[in-house]
Asker: 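There's a structure below that I have some questions on.
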Amino acid sequence: MTVWEWDETLFAGSAAHYGVGRLPYPPRLAEAIRDELGLDGTGRLLDVGCGPGSLTALLAPHFAAAVGVDADREMIAEAARRVPGVDWRVLRAEELPADLGEFRVATFAQSFHWMDQPLVAERVRGMLRPGGAWVHVGATTHRGLDGAGAHDALPHPRPPWDEVDALVREYLGPVRRAGRGTLPHGTPGGEEDVMRAAGYRGPRRLIAWPGGVAERGADELVSSVYSQSFSTPHLFGERRGAFEADLRRLLTAASPSGRFAERTREIEVVIWRP
């Protein structure tokens, strides 16, 4: 069995689509983390796998300084364009500590599952100051709920995600793509075991956001598709134009007005102490 390995094309071409296609983190998320950790504008924040800086920007005002690291140069360039005043670094999490110093809080949002988890957990633990915290933000920002309750009382049609997924498979094949390789079984789980083995205490869990209803247009949904690792723009090659045309036809058939609505998932915050 071939073991998947990270490569720099994992999110190639997707950075510009994040701000358009991903649902923003609600301000209430930052307030929940602030209140739970007693943040007061002091100390430093390390956001690991920061992408274009969506979470970093939300939390940075609660610290004296913030550092965002990501392995994707396009993501860091987009983050620097959108959020000045943060120390942005092109860096793989596995390369930490990289002389970055000590931090009050390290955050991971939709990123830890892509990493060498035992190695990163150990290295980040050594970067947290006494009384510091590792914060994992469990959010799904590219699409809303599936299953029970997903269609209740919506002002516009729900995005046809099953049909979109089928269209992606039609163009890219049945096995999930990931950079130059594939991930037929998805990314690894078992985070709690990893954290305990690395010496962390916890976890403390809280629901920072109960979910709500999000409204988006067709352009935003197209960008949402391109923001995902298994359907980044470069994967379609010369067929990207044909794929996007088919995708837009599918969306128009689902909602002639071009507007969509869906219920969003709750956001859970998991806090570990070194």
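Only this structure's heavy atoms are used, side chains among them; waters, hydrogens and symmetry mates stay out. If you read the sequence from its start, that first residue is 1, and numbering goes on from there.
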Asker: Taking only residues at least two apart or on different chains, which pairs with a member in residues 86-110 satisfy ring pair (Phe, Tyr, Trp, His ring centres under 6.0 Å)?
Answerer: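 Those involving residues 86-110 are Phe108-Phe112, Phe108-Trp134.
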
Asker: Is any side-chain heavy atom of Arg89 closer than 4.5 Å to a side-chain heavy atom of Asp70?
Answerer: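 The answer is no; the side chains never approach within 4.5 Å.
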
Asker: Tell me, do Leu96 and Leu100 make a side-chain contact under 4.5 Å, heavy atoms counted?
Answerer: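 Of all side-chain heavy-atom pairs linking Leu100 with Leu96, at least one is under 4.5 Å.
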
Asker: Is Leu46 linked to Val90 within one hydrophobic cluster, defined over Ile, Leu, Val, Met, Phe, Trp and Tyr using a side-chain heavy-atom separation of less than 4.5 Å?
Answerer: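 Different clusters.
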
Asker: Could you note down all residue pairs passing salt bridge (Lys or Arg N to Asp or Glu O under 4.0 Å) where residues 95-119 supplies at least one of them, sequence neighbours left out?
Answerer: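 Listed by first then second residue: Asp40-Arg104.
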
Asker: Name every donor-acceptor pair, under 3.5 Å, that has one atom in a side chain of residues 23-37 and the other anywhere in the protein, sequence neighbours excluded.
Answerer:
unit_1 : atom_1 : unit_2 : atom_2 : d
Tyr25  : OH     : Gln110 : NE2    : 3.0
Glu36  : OE1    : Arg204 : NH2    : 3.2
Glu36  : OE2    : Arg204 : NE     : 2.9

Asker: Nearest heavy-atom pair of Leu251 and Phe260: which atoms, and what distance?
Answerer: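 That would be O-CZ, 3.3 Å.
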
Asker: Hydrophobic cluster membership, with links at side-chain heavy-atom distances under 4.5 Å among I/L/V/M/F/W/Y: are Leu167 and Phe236 in one?
Answerer: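 Yes, Leu167 connects to Phe236 through the hydrophobic network.
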
Asker: Without swapping roles, check the side chain of Arg177 against the backbone of Ser231 for a donor-acceptor pair under 3.5 Å.
Answerer: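 A pair under 3.5 Å: no.
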
Asker: Report yes or no: do Val69 and Leu59 belong to one cluster of Ile/Leu/Val/Met/Phe/Trp/Tyr joined by side chain heavy-atom distances under 4.5 Å?
Answerer: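 They do not share one cluster, since no chain of ILVMFWY contacts under 4.5 Å joins Val69 to Leu59.
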
Asker: Suppose we screen for side chain to side chain donor-acceptor pair (under 3.5 Å). Which residues come up paired with Arg123, at least two apart in sequence or across chains?
Answerer: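 Here no residue qualifies.
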
Asker: Rest of the hydrophobic cluster containing Val213 (Ile/Leu/Val/Met/Phe/Trp/Tyr, side-chain heavy atoms under 4.5 Å)?
Answerer: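 Listed partners: Leu154.
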
Asker: Among residues at least two apart in sequence or on other chains, which ones pass side chain to side chain donor-acceptor pair (under 3.5 Å) with Ser227?
Answerer: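 Applying side chain to side chain donor-acceptor pair (under 3.5 Å) to Ser227 gives Arg22.
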
Asker: Not counting sequence neighbours, which residues clear side chain to side chain contact (heavy atoms under 4.5 Å, CB included) with Glu192? List them please.
Answerer: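 Applying side chain to side chain contact (heavy atoms under 4.5 Å, CB included) to Glu192 gives Arg196, Pro203, Arg205, Trp272.
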
Asker: Are Arg44 and Asp87 close enough for a salt bridge, meaning some N to O gap below 4.0 Å?
Answerer: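 Salt bridge: no.
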
Asker: Tell me, please, which residues at least two apart from Ala57 pass side chain to side chain contact (heavy atoms under 4.5 Å, CB included).
Answerer: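 Partners of Ala57 under the side chain to side chain contact (heavy atoms under 4.5 Å, CB included) test: Val83.
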
Asker: So for atom CZ, which belongs to Arg73, do other residues, nucleotides or ligands contribute more than 12 heavy atoms lying within a distance under 6.0 Å?
Answerer: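 At most 12 heavy atoms, drawn from other residues, nucleotides or ligands, come within 6.0 Å of this atom.
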
Asker: State whether the side chain of His136 and the backbone N or O of Thr107 hold a donor-acceptor pair below 3.5 Å, judged by distance alone.
Answerer: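 No, because the side chain of His136 does not come within donor-acceptor range (under 3.5 Å) of the backbone of Thr107.
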
Asker: Donor-acceptor pair, distance only, cut-off 3.5 Å: does the side chain of Thr232 make one with the backbone of Tyr226?
Answerer: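 It does not hold such a pair.
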
Asker: Can you list everything that forms a side chain to side chain contact (heavy atoms under 4.5 Å, CB included) with Ser223? Sequence neighbours excluded, please.
Answerer: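 If we apply the side chain to side chain contact (heavy atoms under 4.5 Å, CB included) test to Ser223, skipping adjacent residues, the hits are His17, Val20.
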
Asker: Taking all non-hydrogen atoms of both residues into account, name the closest pair between Ala254 and Pro160 and its distance.
Answerer: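 Smallest heavy-atom distance, with atoms named: CB-CG, 3.7 Å.
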
Asker: Regarding Glu262 and Trp161, do their side chains bring together a donor and an acceptor under 3.5 Å, going by distance alone?
Answerer: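 Yes, side-chain donor-acceptor contact under 3.5 Å.
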
Asker: Restricting to side chain to side chain donor-acceptor pair (under 3.5 Å), what partner residues turn up for Asp246, sequence neighbours left out?
Answerer: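 For Asp246, the residues satisfying side chain to side chain donor-acceptor pair (under 3.5 Å) (neighbours in sequence not counted) are Tyr171, Arg249.
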
Asker: May I have all residue pairs that pass side chain to side chain donor-acceptor pair (under 3.5 Å) and include part of residues 49-66, sequence neighbours excluded?
Answerer: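 Non-adjacent pairs meeting side chain to side chain donor-acceptor pair (under 3.5 Å): Asp47-Thr56.
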
Asker: Who passes side chain to side chain donor-acceptor pair (under 3.5 Å) against Arg248, sequence neighbours left out?
Answerer: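 Counting only residues at least two positions away or on another chain, Arg248 forms a side chain to side chain donor-acceptor pair (under 3.5 Å) with Asp219, Glu244.
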
